[in-house]
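For reference, the structure discussed in these notes is given below.
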Amino acid sequence: MAELTIVHIGDLHGHLVPRPNVRGDGTGRAEGGLAHLAAMVAQIRAERPASLLANTGDTIQGSAEALFTRGQALVDVVDRLGVDLFAPGNWDYLYGKERFLELFGPGTGSGPSRTRWGAVAANVYHAGTRDLLLPPYLVTEVAGLRVGVVGLSSERAVNALGPWVTEGIEFTDDGHEVPAHVRTLREEEGVDLVVLVSEFGLAKNVLIAEVNPGIDVVLSSDMHEETRDCVVTSTGALVSEVGQDGTRLARLDVTVEGGRVTGHRYRLHTVDAGTAPDRGVARLVDEVRAPFLAGPAFRPHVNPLNGAVLDRPIDDVVGRTEVGLHRSGFCGEGYPAAVEGTSHDVLSAAIREVAGTDVGHLRGFRYGTHVAPGPVRLEDLYHYLPVGAQLARTTVTGEQLRRSLEDSADGTFNPDPFRWTGGWVHAYAGVRYALDVFADKGSRVSAVQVRRGDGDWSDLEPGATYTLAGYWYPRVPDKVGGIDGGEVTVLGRAGAALDGPGAAGGPGAAGAVDVTEHVVDHLARHVVRAEEPRVRLVRPLPDRLWSFPEIQPLRGAR
């Protein structure tokens, strides 16, 4: 008999410092911060030397510090935590194949896999080949136990931007590689315990465990769910997911005997920013943030995705809000994140106003931050919009808009999680509608109304033309917010049309304006105030499956 402790973190999304929790379960105390997280990890390791630290992805995206250093700021700090196991998430590929391999490829680490943080992924290939970017699994020994670890990276790549981001990489999306690697670990490597580190998300990872009885533990990321009690599958696998932004840490103590788990204890901890931080990590966080903050170390930074220049400190106050901003509400709350969020509402409203369009569109996504009522800082906007998007406007038909609403709803609530398309329901400013998540595909959305300018609301007309603004990238110049519409106009300062080289984007592109700056313009004119939800739920979202509240219904709606 042997005992092992697994410490689980994931979905850090670039968060180096604490943030508030303004969701319904918030206590008023700040949460997270890598220095506080590091102190908790160190305390557990001191108590339980036989331990492994697992990070399940989406680490190097989600903040200005991450974006403008192409992930280096997060790598430098997380290196200090001593991560043993890593499953890259879809957003960890944001800076392209070459940069991903530079940070995580073979030869970047010294552990069993020779990759940084023990990165493994059984489903990510060099395009056009069957050659993997990373080892599919690793075997490590702890306290006399042989632990086999299989990795699954995200199956979606970076859908919110487009396939050009992961050019040269191919992802499989069904986990079909897992059974063979589990057999290898059990039958050839003779491991005592099999752990799956996976960024497929909680719903899919539970299903994968259900059909692979050789898996003992699943450490999951992507959906930002918080398993306050670990999920125990019908096969006996223990499944954990730990929220977002480094605000949660899970500790799983397992007893292993005869090649199987005979006992376990699971605790999900809040990372309380009021506790003592790790001083060395705190100093390092200050160092990597200094070039971005007001003071003598500040310097301008060039956005590696669009060439726009960050020429002011990210701790500058750029607006005020009277309501807490976030998109993380549980299914039973007034603003369930799967449907809507105060942060998405204000961002899409800003896009609509600056562009002067009927509709402001913002793709649904899980990453972001929480902003308490009071000042809004530039770094808050970069936590929401760290994707190098420019802003453009186009025209769409009413039928295109209706189809976009339906596609987004199906990609969120399809009863088969493997048919989900990424984030949650997209945000549409200037649009309101009724949503029945239990209706058939193509019939979930009804009573759609659009507000042209400051005028009255009117029913959506399928054959009518509407102006729409949203994300734009030069690699997909005919799409705005992922939608093929009419003629595209890229927007520069103050929403003016941008012509010439700046519209092409890319490092050093003159005139390119990051979408964050457009939101700054909006906030300079408006204090954020409460608004009525834009989406009216015809029926409540599905009940929870397990003991903890869900952010996205874990079996969709049927």
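Between the CG atom in Asp58 and the NE2 atom in His224 there is a gap of 6.0 Å [rounded to 0.5 Å]. Taking CG of Asp484 as the reference point, atom CG of Asp478 lies at 7.0 Å (rounded to 0.5 Å). Note that CG of Leu293 and CZ of Phe298 are 9.0 Å apart. Values are rounded to the nearest 0.5 Å. Put simply, CG on Asp514 and CG on Asn306 are 5.0 Å apart, with the number rounded to the nearest 0.5 Å. Atom-to-atom distance recorded for Arg116:CZ and Phe86:CZ is 10.0 Å, nearest 0.5 angstrom. With values rounded to the nearest 0.5 angstrom, Phe200 atom CZ is found 11.0 Å from Asn90 atom CG.
Crowding of Glu487 atom CD: a count of heavy atoms from other residues, nucleotides or ligands under 6.0 Å not exceeding 12.
Under the rule for a side chain to side chain donor-acceptor pair (under 3.5 Å), the partners of Glu65 that lie at least two apart in sequence or sit in another chain are Ser63, Arg289. With sequence neighbours excluded, the residues that form a side chain to side chain contact (heavy atoms under 4.5 Å, CB included) with Asp131 are His126, Thr129. Residues that satisfy the side chain to side chain donor-acceptor pair (under 3.5 Å) test with Glu340, not counting sequence neighbours, are absent from this structure. Taking Arg283 as the reference, Arg279 meet the side chain to side chain contact (heavy atoms under 4.5 Å, CB included) condition, with sequence neighbours excluded. Not counting sequence neighbours, the partners of Ala250 by the side chain to side chain contact (heavy atoms under 4.5 Å, CB included) test are His8, Ser240, Val242, Tyr266, Leu268.
A side-chain donor-acceptor contact under 3.5 Å links Thr342 to the backbone of Gly324. Using a distance-only test at 3.5 Å, with no hydrogens or angles considered, a donor-acceptor pair links the side chain of His383 to the main chain of Gly62. With hydrogens and angles disregarded, a donor-acceptor distance shorter than 3.5 Å links the side chain of Tyr384 to the backbone of Thr369. The closest donor-acceptor contact from the side chain of His15 to the backbone of Gln244 lies at 3.5 Å or more, if one exists at all. Side chain of Arg327 to main chain of Val339: a donor-acceptor pair is present (N/O by atom type, distance under 3.5 Å, no hydrogens or angles). Distance alone, capped at 3.5 Å, places no donor-acceptor pair between the His13 side chain and the Asp11 backbone. The main-chain N or O of Val376 is never found under 3.5 Å from a side-chain atom of Arg320 such that the two would form a donor-acceptor pair. Listed for the Arg493 side chain is no donor-acceptor partner under 3.5 Å among the backbone atoms of Gly511. Asp76 places no side-chain N or O within 3.5 Å of a backbone atom of Ala73 that could act as its donor or acceptor partner. A donor-acceptor pair is defined here as one N or O able to donate and one able to accept, closer than 3.5 Å; such a pair exists between the side chain of Trp472 and the backbone of Pro477.
The two residues Val197 and Ala87 have their closest heavy-atom pair at O-CB, 3.5 Å. Closest heavy-atom contact between Ile551 and Ala337: CG2-CB, 3.7 Å. Shown here for Tyr335 and Glu531, the closest heavy-atom pair between the two residues is OH-O, 3.0 Å. Contact record, Leu67 with Pro304: O-CG, 3.2 Å, taken as the closest heavy-atom pair. Considering all non-hydrogen atoms of both residues, Ser348 and Leu362 come closest at CB-CB, 4.2 Å. The shortest non-hydrogen separation linking Pro18 to Gly32 is CG-O, 3.4 Å.
Taking the six-membered ring where the residue is Trp, His361 and His426 present perpendicular rings, their angle passing 60° and hence far from 30°. Aromatic ring pairs are classed by plane angle as parallel below 30°, tilted from 30° to 60° and perpendicular above 60°; the pair Tyr473 and Trp164 is tilted.
Between the side chains of His526 and Glu353, at least one donor-acceptor pair of N or O atoms lies under 3.5 Å.
With respect to Trp117, the side chain to side chain donor-acceptor pair (under 3.5 Å) criterion is satisfied by exactly one of Asp79, Asp84, Thr108: Asp79. A salt bridge (charged side-chain N to carboxylate O under 4.0 Å, His left out) with Asp345 is found for exactly one of Arg534, Arg529, Arg352, namely Arg534. With respect to Leu37, the side chain to side chain contact (heavy atoms under 4.5 Å, CB included) criterion is satisfied by exactly one of Leu12, Val281, Val78: Leu12. For the side chain to side chain contact (heavy atoms under 4.5 Å, CB included) with Leu347, the lone residue among Leu325, Val515, Thr516, Leu385 that qualifies is Leu385.
In summary, Glu241 and Arg248 do not engage in a salt bridge, as defined by a charged side-chain N under 4.0 Å from a carboxylate O. Arg70 has no carboxylate O lying under 4.0 Å from a charged side-chain N of Glu98, or vice versa, which leaves the two without a salt bridge. With salt bridges taken as basic N to acidic carboxylate O contacts below 4.0 Å, none links Arg23 and Glu333.
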| task | Before giving the answer on side-chain hydrogen bond (donor to acceptor under 3.5 Å, both in side chains), spell out for Tyr428 and Ser404 the whole-Å C-alpha distance, their side-chain angles and the decisive distance to 0.1 Å. | result | CA-CA 10 Å; Tyr428 300 83; Ser404 178; 2.6 Å; yes

| message | For Ser153 and Tyr93: C-alpha separation, side-chain torsions, deciding distance, then whether side-chain hydrogen bond (donor to acceptor under 3.5 Å, both in side chains) applies. | response | CA-CA 10 Å; Ser153 198; Tyr93 298 90; 2.8 Å; yes

| message | The test is side chain to side chain contact (heavy atoms under 4.5 Å, CB included); show your working for Glu102 and Tyr95 and say whether it passes. | response | CA-CA 11 Å; Glu102 179 184 349; Tyr95 314 111; over 6 Å; no

| task | Determine, step by step, whether His344 and Phe365 satisfy the ring-ring contact (aromatic ring centres under 6.0 Å, His included) criterion, reporting the C-alpha distance in whole Å, the side-chain angles of both residues, the deciding distance to 0.1 Å, and the verdict. | result | CA-CA 9 Å; His344 274 49; Phe365 47 64; 4.3 Å; yes

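Applying the salt bridge (charged side-chain N to carboxylate O under 4.0 Å, His left out) test to residues at least two apart or on different chains, none of the pairs has a partner in residues 295-309.
Between Ile44 and Leu249, some side-chain heavy-atom pair lies under the 4.5 Å cut-off.
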